[in-house]
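Here's the structure, in structure tokens; my notes come after.
Numbering of ligands and ligand atoms starts at 1, following listing order.
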Amino acid sequence: MTSADLETILARHGAIEDDPHAATSPPLYQTATFGQSRADGFDAFDYTRTDNPTRAALESLLADLEGAPHALTYASGMAAIASVLRLARPGERVLCGRDLYGGTQRFLHRYLEGVEAEHVDLARSEDGRCPALEAALAEGGARLVLVETPSNPRLDVTCLRSVCRSAHAAGALVVVDGTAATPWLQRPLEHGVDVVLHSATKGLSGHGDVTAGIVATRDAALFTELAARRNAEGNALAPFEAWLLLRGVRTLGVRVERAQETALEIARWLESREGVTAVHYPGLASHPGHAVHASQADGAGVLVSFRAESAERARRACEDTRRFTTAVSFGGVASSISIPHHMSHASVPPGAAPPPEPELVRLSIGLESAADLIADLDAALGPPSDRSPEAETLSAATVSLHA
Ligand code: PLP
């Protein structure tokens with residue numbers, strides 16, 4: 001699909017079919033139930049837990065964006081992930097990469113009962129296969145392989161075609177969490193992936209006012225199974241959230257294009273900044289996954305992470321910025337900064353992949369001026385502030401209940 005197609009989809013798709021008033025903005029059907037024309041069957045919509053016109057309009061737009069016939073939306077990214085991971089039955093295994101959102105790891109290791117979750121090296125070899133993954137698959141019982149690319153927070157890149165080749169040969173499904181890239185930049189189904197999912201709370205909505213998740217697949221049987229489970233479990237996206245997401249997603253392309261220009265500028269600047277020991281951004285030629293990412297995505301995105309020379313310096317950088325909000329989540333119009341070790345990954349349970357180090361800082365770049373953001377970061381990374389180091393350290397007990 002060309003980017004012109006995507007632009008048109010974002011601007012024009014997602015209308016409510018057969019709208020008698022031809023509303024130019026899809027109406028919000030804020031209703032739990034729909035009157036039926038007969039008592040011995042159902043009309044197109046009967047109950048919002050099952051289906052709702054506003055949500056259906058959103059889902060058709062998202063499916064078009066992903067190049068899929070089907071998409072489902074959920075109350076959050078985690079609701080989407082949990083539904084897909086629960087396709088693995090007790091006794092089966094889930095294989096996944098070594099860098100994954102902390103909440104996904106919490107679900108995999110604490111709540112996916114009876115299923116063994118293992119982190120493996122997804123690096124590809126010269127022949128376009130993934131040797132460590134193939135070795136793990138050879139042990140048998142793997143239902144699915146879960147990949148985040150680029151990953152949160154280290155922005156590791158995984159070759160989707162290589163993972164698909166190895167996983168499909170062993171009969172495992174490939175599921176990609178594409179949250180960091182959004183479908184504007186990367187459409188994993190085009191590379192042979194079975195299921196793509198996102199936290200739409202991030203770049204897809206773009207305004208930090210919705211929690212939502214999406215799943216898209218070309219596999220009709222998988223779609224039917226996931227839709228039936230969503231109806232049974234009642235974790236679909238509510239109509240108002242669907243309406244907000246439908247509005248927010250319209251500007252996805254212009255937001256991502258603008259913000260990733262700034263992200264590249266900041267990543268390049270950080271590479272030469274004293275006090276920064278490593279910069280992770282797939283748009284940098286120095287990133288080990290630069291070429292692979294360029295072969296499967298149309299841009300490097302809005303997330304940049306870097307290592308400060310000490311945990312204390314990382315903490316101060318977060319607390320001393322004035323233009324970045326210290327917050328979990330990312331992909332909004334306003335830039336944010338976080339230390340994943342203390343925040344988004346604080347809930348990583350023992351036995352999961354090694355958590356991000358406390359020196360790692362993650363930036364989500366928004367729509368502010370690049371010059372302002374760089375000047376602000378420069379000041380924050382500069383001379384130590386006089387804030388006491390103990391002041392706002394979050395206790396592990398507190399953060400474990402958070403994002
Ligand atoms: N996937 C990734 C990569 C994330 O970063 C997050 C949240 O930060 C999620 C999934 C979970 O999404 P949500 O917070 O919408 O449940």
Which residue and non-hydrogen atom of the protein lie closest to [atom], and at what distance in Å?
{"atom": "atom 5 (O) of ligand 1", "result": "Asn152 ND2, 2.8 Å"}
{"atom": "atom 11 (C) of ligand 1", "result": "Tyr101 CE2, 3.5 Å"}
{"atom": "atom 16 (O) of ligand 1", "result": "Met78 N, 2.8 Å"}
{"atom": "atom 1 (N) of ligand 1", "result": "Asp177 OD2, 2.6 Å"}

Would you tell me whether [X] and [Y] have side-chain atoms, one donor and one acceptor, within less than 3.5 Å of each other?
{"X": "Glu271", "Y": "Ser286", "result": "yes"}
{"X": "Ser125", "Y": "Asp127", "result": "yes"}
{"X": "Ser37", "Y": "Asp43", "result": "yes"}
{"X": "Glu309", "Y": "Thr277", "result": "no"}
{"X": "Arg229", "Y": "Asn235", "result": "no"}

Which atoms of ligand 1 are found less than 4.0 Å from any heavy atom of [X]?
{"X": "Phe330", "value": "5 (O)"}
{"X": "Thr179", "value": "1 (N), 2 (C), 3 (C)"}
{"X": "Gly77", "value": "12 (O), 13 (P), 15 (O), 16 (O)"}

| said: Regarding ligand 1, does Thr104 bring an N or O atom to under 3.5 Å of one of the ligand's N or O atoms? | reply: no

| said: Test of understanding: given a 4.0 Å heavy-atom threshold, classify the contact between Thr201 and ligand 1 as side chain, backbone, both, or neither. | reply: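 The answer is the side chain.
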
| request: Please determine which of His191, Arg187, Arg161 meets the side chain to side chain contact (heavy atoms under 4.5 Å, CB included) test together with Gln296. | output: His191

| task | Run the contact test for Ile81 against ligand 1 with a 4.0 Å cut-off on heavy atoms, strictly below, and give the result. | result | yes

| query | For ligand 1, is there an atom lying under 4.0 Å from some heavy atom of Lys202? | reply |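 A heavy atom of Lys202 does come that close to ligand 1.
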
| query | Would the number of heavy atoms belonging to other residues, nucleotides or ligands and lying under 6.0 Å from CZ of Arg247 be above 12? | reply |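 No, CZ of Arg247 has 12 or fewer neighbouring heavy atoms, counting only those of other groups under 6.0 Å.
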
| message | Between Glu190 and Arg218, is the salt bridge (charged side-chain N to carboxylate O under 4.0 Å, His left out) condition met? List the steps. | response | CA-CA 10 Å; Glu190 293 173 0; Arg218 291 176 175 170; 5.3 Å; no

